[in-house]
K.L.:
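What follows is a structure written as structure tokens; I'll ask about it next.
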Amino acid sequence: MTEQLLTTRKKARRAFAVLCLWIPLAVFAAISIAQLALMPVLPETVAIHWGGSGVADGFGPAWTYPAMTFGIGGGLTVLIAGLALFEVKGEAQRTQYRFLGAVIGAETGLLGTMMLGLVIVQVGLADATDAPNSYWILGLGLIVAAAMGTVYFLVLEEPPAADADERDVAPLELGDLEQAVWIRSARMSRTAGWTLGLLLGLTTLGMLVICFIEMRGPSGASWAVWGTLALMLVVTFLSLAMVRFDVRVDADGLSARTPIGWPRIHVPASRITSARVVEVSPMAEFGGWGWRIGASGTGIVLRAGEGIRIGREGKSDLTITVDDAETAVALLRRTMERAA
Amino acid sequence: MLIRIDPTREEPVFAQIAASVRGDIAAGRVLAGERLPAAKQVAASLGVNHHTVLHAYQELRDEGLVDMRPGRGAIVTQTAAAAAELHDDIRVLVARAAERGISPDMLASLVRGIPHR
């Protein structure tokens with residue numbers, strides 16, 4: 001870990017903080033102020049939702065917009081950028097600045113355009129039911145989001161990294177004929193599990209209720225509702241399938257599989273080029289939790305903290321967060337010695 | 001959990017597997033409430049028959065370190081936590097015995113010979 005590497009990383013971190021935390025927050029604050037300033041020329045009750053045909057069908061007090069802009073826009077930004085900036089285990093650790101930057105740039109572009117645009121079209125209206133069809137603002141928002149996401153992706157730099165906490169682990173001492181296996185479950189924390197379960201359960205249940213209500217109507221439930229429900233079920237299934245991985249290290253190499261057997265991954269001993277213990281910060285390094293693919297390689301990241309990272313011949317690194325990683329790495333190093 | 005077996009040793013394989021698990025429990029690397037890995041998985045990795053692994057698990061059950069219920073696998077019991085607390089004392093005792101030329105096997109016999117309750 002050289003001085004130069006640390007300087008580059010500090011610079012990149014500062015740039016990320018300015019571009020992805022402070023600028024978006026300033027943008028959302030400015031839009032909220034503009035919306036507050038426009039309140040005198042807006043109807044007291046404004047349209048906040050438009051139906052499928054472009055007619056306004058949901059209404060709320062005029063302060064809804066500044067509240068939503070700052071609450072949702074600012075909140076999302078602080079959540080993503082804050083976790084990426086502050087939940088970091090080492091100064092030189094890998095990051096996902098470009099990917100997260102693109103997400104934040106796009107989010108700022110979309111929400112900013114829509115929140116501001118939807119207020120501007122209602123300026124001077126006497127009655128919010130006359131609010132014009134505003135789908136073009138959604139279109140514009142998507143264009144701005146794509147543009148800002150691209151700009152952020154190009155502007156942000158992904159500096160070189162060194163892995164946090166590279167413990168010096170000696171290969172496990174094993175007799176010539178001795179066999180060993182290391183097995184451990186990688187799982188998310190109890191709190192995270194309950195939060196995820198509740199969120200998924202409640203949203204899916206909510207969608208189901210909406211479906212039943214709409215089915216009783218004359219036209220039945222729309223395809224959009226059915227589609228959302230189907231998507232929710234797929235997401236729930238995938239999330240539940242991946243709350244636990246059984247990680248195994250033996251003479252064959254390393255494998256990880258979910259209780260239902262899919263998804264799974266196996267790396268043969270002969271293709272493992274390195275093995276080490278690392279400290280993982282999910283948002284900063286992998287842009288989130290779960291089965292991740294990105295600039296930091298493949299990750300099975302169910303929580304923050306200790307994990308195994310192996311180099312794979314001809315492929316990206318594989319990281320798995322799991323307890324007692326040191327023993328696993330010791331055995332992996334012994335297995336590599338034998339395979340060589 | 002690290003399980004290791006050495007076929008060149010005289011100790012039967014099932015006893016070696018049980019000793020590995022016991023060692024991990026004693027060292028506090030496996031906590032009460034955790035599930036032992038499926039016998040089939042362990043057997044496949046070590047190249048032994050899965051009945052051998054089950055035999056080891058049954059021995060641990062007889063000692064009260066794990067609880068085995070059909071369909072739920074082998075779960076480490078609260079007794080394991082108590083055993084882990086003795087870990088440091090036992091290590092000291094083994095070291096002191098070794099200084100006096102007493103082997104762990106002999107020490108175990110001595111422990112068994114002490115009347116309790």
Side-chain angles (χ1 to χ4, degrees), chain A residues 169-190 193 243-261 264-269 275 277 306 308 320 322-335 337-339, chain B residues 1-57 60 66 68 71-76 80-81 84 87:
Chain A
V169 181
L172 190 76
E173 276 180 37
L174 222 52
D176 282 340
L177 288 171
E178 207 172 344
Q179 294 288 325
V181 57
W182 179 91
I183 298 183
R184 191 108 195 173
S185 288
R187 53 181 81 224
M188 56 178 67
S189 74
R190 199 163 284 236
V243 291
R244 191 182 111 205
F245 277 88
D246 292 327
V247 188
R248 174 154 62 144
V249 177
D250 59 19
D252 282 344
L254 178 141
S255 54
R257 47 165 281 169
T258 56
I260 57 166
R264 65 170 143 201
I265 192 165
H266 174 71
V267 187
V277 180
E306 189 184 15
I308 311 167
I320 303 175
V322 63
D323 294 340
D324 193 27
E326 201 165 319
T327 310
V329 167
L331 180 56
L332 275 167
R333 290 192 172 173
R334 171 65 190 163
T335 309
E337 275 181 2
R338 269 190 183 167
Chain B
M1 182 172 314
L2 182 71
I3 297 174
R4 49 203 288 176
I5 55 164
D6 188 346
T8 59
R9 278 170 55 197
E10 260 179 49
E11 196 181 3
V13 169
F14 83 87
Q16 293 186 35
I17 294 172
S20 282
V21 177
R22 214 181 283 124
D24 267 8
I25 290 175
R29 277 192 292 270
V30 182
L31 304 175
E34 281 189 49
R35 193 193 312 256
L36 298 188
K40 236 166 64 185
Q41 276 190 11
V42 176
S45 287
L46 295 176
V48 299
N49 191 298
H50 92 272
H51 289 293
T52 311
V53 183
L54 281 176
H55 189 173
Y57 285 7
L60 295 166
V66 302
M68 277 167 90
R72 287 206 63 210
I75 313 266
V76 178
H87 184 55

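Chain naming here is simple, since letters A, B, ... match the order of the sequence lines and numbering starts at 1 in each. Remember, it's a predicted structure, so these values are computed and weren't measured experimentally.
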K.L.:
So how far is it from B:Ile3 CD1 to A:Ile183 CD1, rounded to the nearest 0.5 Å?
P.N.:
6.0 Å
K.L.:
Please tabulate the donor-acceptor pairs under 3.5 angstrom that span chain B and chain A, backbone and side chains included.
P.N.:
| unit_1 | atom_1 | unit_2 | atom_2 | d |
| --- | --- | --- | --- | --- |
| B:Met1 | N | A:Ile183 | O | 2.8 |
| B:Met1 | O | A:Ile183 | N | 3.0 |
| B:Ile3 | N | A:Val181 | O | 2.8 |
| B:Ile3 | O | A:Val181 | N | 2.8 |
| B:Arg4 | NE | A:Glu178 | OE2 | 2.9 |
| B:Arg4 | NH2 | A:Glu173 | O | 2.6 |
| B:Arg4 | NH2 | A:Glu178 | OE2 | 3.4 |
| B:Ile5 | N | A:Gln179 | O | 2.8 |
| B:Ile5 | O | A:Gln179 | N | 2.7 |
| B:Arg29 | O | A:Arg184 | NH1 | 2.9 |
| B:Arg29 | O | A:Arg184 | NH2 | 3.1 |
| B:Gln41 | O | A:Arg248 | NH1 | 3.0 |
| B:Ser45 | OG | A:Arg248 | NH1 | 2.8 |
| B:Ser45 | OG | A:Asp250 | OD2 | 2.5 |

K.L.:
Kindly give the heavy-atom pair with the smallest separation between A:Leu177 and B:Pro7, and that separation in Å.
P.N.:
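Scanning both residues completely, I find the closest heavy atoms to be O-CD, 3.3 Å.
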K.L.:
Please collect all ring pair (Phe, Tyr, Trp, His ring centres under 6.0 Å) contacts where either partner lies in residues 25-45 of chain B, sequence neighbours excluded, each pair once.
P.N.:
none
K.L.:
I'd like to check the side-chain contact (heavy atoms from CB on, under 4.5 Å) partners of A:Ala330; sequence neighbours left out, ordered by chain and number.
P.N.:
A:Val169, A:Leu172
